[in-house]
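In what follows, a structure is listed as C-alpha cells, so that the remarks can point back to it.
Just so it is clear: chains get the letters A, B, ... in the order the sequence lines come, proteins before strands, and each one is counted from 1. Predicted model only: the values in this text are computed from it and were never measured. FYI, side chains are in, hydrogens and waters are out, and symmetry mates aren't considered; it's all heavy atoms of this structure.
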Amino acid sequence: MPELPEVETVRSGLSRFLPGLEITAVDYNWPKSFPSDPVDVKRFLIGSKVVEVKRRAKVLLIVLNTGYSLVIHLKMTGQLVFRGHYDRFGAGHPTDSLVGELPDHSTRANFTFKDGSQLFFNDQRKFGWIRLISTAELPNVDFIKKFGPEPLEDTFTWQGLRERLRRRANTSIKAALLDQTVLAGIGNIYADESLWGARIHPATTVKSLTDIQIKRLFRALQSVLTLALAKGGSTDRNYVDAEGRKGSYLSFASVFRREGQPCPRCKSIIQKTKVAGRGTHLCPYCQKLQPDK
DNA sequence: CACTTGACCTGTCCGC
DNA sequence: TGCGGACAGGTCAAGT
C-alpha cells in the first residue's frame with residue numbers, strides 16, 4: 001500500500017530524526033528482507049552516520065557518510081518506525097501510534113544509534129527489502145534508472161504524461177498508471193482515485209484516450225496526490241508514518257474501498273471490479289467504458 | 001518487444 | 001468453532 005504519498009510522509013518524518021545519528025548496531029532476522037550479499041552489512045554499517053533521507057518513486061534512500069546508501073522498499077506492508085528521544089526532537093511520543101512495543105513479531109530488521117534511539121523495519125508479509133548500494137552508483141542501478149517521472153515535480157506536464165503513455169498504448173489505462181516505468185509512485189489506491197477524478201473507466205485502452213482526457217487525468221493525479229500528502233497518506237491496514245501514526249486520506253477518498261456507497265459526484269452506487277488483475281473501484285455512471293479506437 | 005499471469009508472504013474474512 | 005479458500009496489492013520472473 002505505501003505509494004508516493006505514504007513513502008514521502010515516511011521520508012519527511014525520518015528526515016527530522018535520522019540525520020547526524022551514528023549506527024552502533026544492526027540486526028535482522030529474515031535474510032530476504034536484507035540481503036547481505038556481497039558484503040557483511042552489519043560490519044559495513046556500524047560507525048556510519050546518516051547524512052539525509054531521500055525518495056525516488058516508492059523507494060526510500062537513507063544516505064550515509066560512507067559513500068553508501070540504505071535503499072528501502074516497503075512494498076505492501078512495510079513500516080519504518082523511529083523510537084528514541086522524542087523530547088530532544090520536539091515530537092512527543094504520539095498517543096495515536098498504531099504500533100506498540102518494538103521490536104514485535106513483524107520486525108525484520110532494526111538499527112540502533114549511538115544516542116540509544118532505534119529505527120525498526122516491520123513487514124508483516126516479508127515482501128519489502130533493504131539493500132546497501134553505493135550512493136554514486138544509484139543513478140545507474142537498473143530499477144532506479146527505469147523509473148518514470150515524479151508526478152509532482154514542476155517539470156512534469158500533461159504532454160509529458162501523454163508521451164510516457166505511448167509505450168503502453170495497447171493496455172488499460174489502469175495497468176499503465178501502475179507501471180512504474182511510465183510514471184513513478186502510483187499504486188492501486190491513487191490510480192483508482194485519479195481515474196475517478198478524470199472520469200475515465202480504468203479498463204479504457206490507452207491509445208483510445210483523447211488529449212482532453214489525458215489533461216484531466218494529469219490534473220486529477222496532481223490533486224489526488226497533493227491531497228493525500230497533506231493527509232499523511234492512506235492507512236487501510238498496515239501503513240504508518242515514521243512515528244507509527246496513521247494517514248487519513250481514505251476518509252477523503254471518493255471510490256477506493258467505497259463499493260456500495262454513493263458516488264460523491266452523481267450518487268450512483270460505486271462498484272468494485274477487477275482490472276489489470278487488481279481490485280478496481282469506479283462509478284459506473286461517471287466512468288463509462290468507451291469503445292477502442 | 002508488448003502484455004498478462006503467477007509467485008513471493010501473512011493475516012483476515014467468509015462460507016460451510 | 002474450525003477449516004479451506006479467496007483476497008489484499010508492489011514488483012518481477014516467466015509465459016504467451
At a cut-off of 3.5 Å, list every protein nitrogen or oxygen paired with a nitrogen or oxygen from nucleotides 5-8 of chain C, distance to 0.1 Å.
unit_1 : atom_1 : unit_2 : atom_2 : d
C:dA8  : OP1    : A:K272 : NZ     : 2.2
C:dA8  : O3'    : A:R257 : NH2    : 3.1
C:dA8  : N1     : A:R125 : NH2    : 3.3
C:dA8  : N3     : A:R125 : NH1    : 3.1

>> Once salt bridge (Lys or Arg N to Asp or Glu O under 4.0 Å) is applied, do any residues pair with A:R216, and if so which ones, sequence neighbours excluded?
In response: none

> Side chain of A:T205, backbone of A:S208: donor and acceptor closer than 3.5 Å?
Replying inline: no

> Starting at CG of A:L60 and ending at P of C:dG10, how long is that distance when rounded to a whole Å?
Replying inline: 15 Å

>> For A:R257, give me all partners under salt bridge (Lys or Arg N to Asp or Glu O under 4.0 Å), at least two apart in sequence or on another chain.
In response: A:D236

> Who passes side-chain contact (heavy atoms from CB on, under 4.5 Å) against A:K231, sequence neighbours left out?
Replying inline: A:L227, A:S248, A:Y249, A:F252

>> So, applying side-chain contact (heavy atoms from CB on, under 4.5 Å) with A:L70, which one of A:I62, A:I133, A:V26 is it?
In response: A:I62

>> Just to verify, what does A:L289 make a side-chain contact (heavy atoms from CB on, under 4.5 Å) with, not counting sequence neighbours?
In response: A:H201, A:A203, A:T204

>> Output the rounded distance in Å from CG (A:L178) to C1' (C:dG10).
In response: 9 Å

Atom pairs and distances, donor-acceptor, side-chain atoms in residues 262-274 of chain A, under 3.5 Å, two or more places apart:
unit_1 : atom_1 : unit_2 : atom_2 : d
A:R265 : NH1    : A:W196 : O      : 3.3
A:R265 : NH2    : A:W196 : O      : 2.8

> Under the side-chain hydrogen bond (donor to acceptor under 3.5 Å, both in side chains) test, which residues partner A:D27, sequence neighbours left out?
Replying inline: none

> Does DNA chain C take part in any stems of at least 3 consecutive Watson-Crick or G-U pairs (both distances under 3.5 Å), and if so, which ones?
Replying inline: B:2-8 with C:10-16, B:10-16 with C:2-8

> What pairs with A:E22 under salt bridge (Lys or Arg N to Asp or Glu O under 4.0 Å), at least two apart in sequence or on another chain?
Replying inline: A:K114

Please list, for nucleotides 14-16 of chain C, all pairs of protein and nucleotide N/O atoms separated by less than 3.5 Å.
none

> Mind checking what makes salt bridge (Lys or Arg N to Asp or Glu O under 4.0 Å) contact with A:D142, not counting sequence neighbours?
Replying inline: A:K146

> A:W129 or A:G277: which one's nearest nucleotide on DNA chain C is closer to the 5' end?
Replying inline: A:G277

>> Rounded to whole Å, how long is the line connecting atom CZ of A:F127 with atom P of C:dG9?
In response: 12 Å

>> At a heavy-atom distance below 4.0 Å, which nucleotide of DNA chain B is the first touched by chain A, and which is the last?
In response: B:dC3 to B:dT12

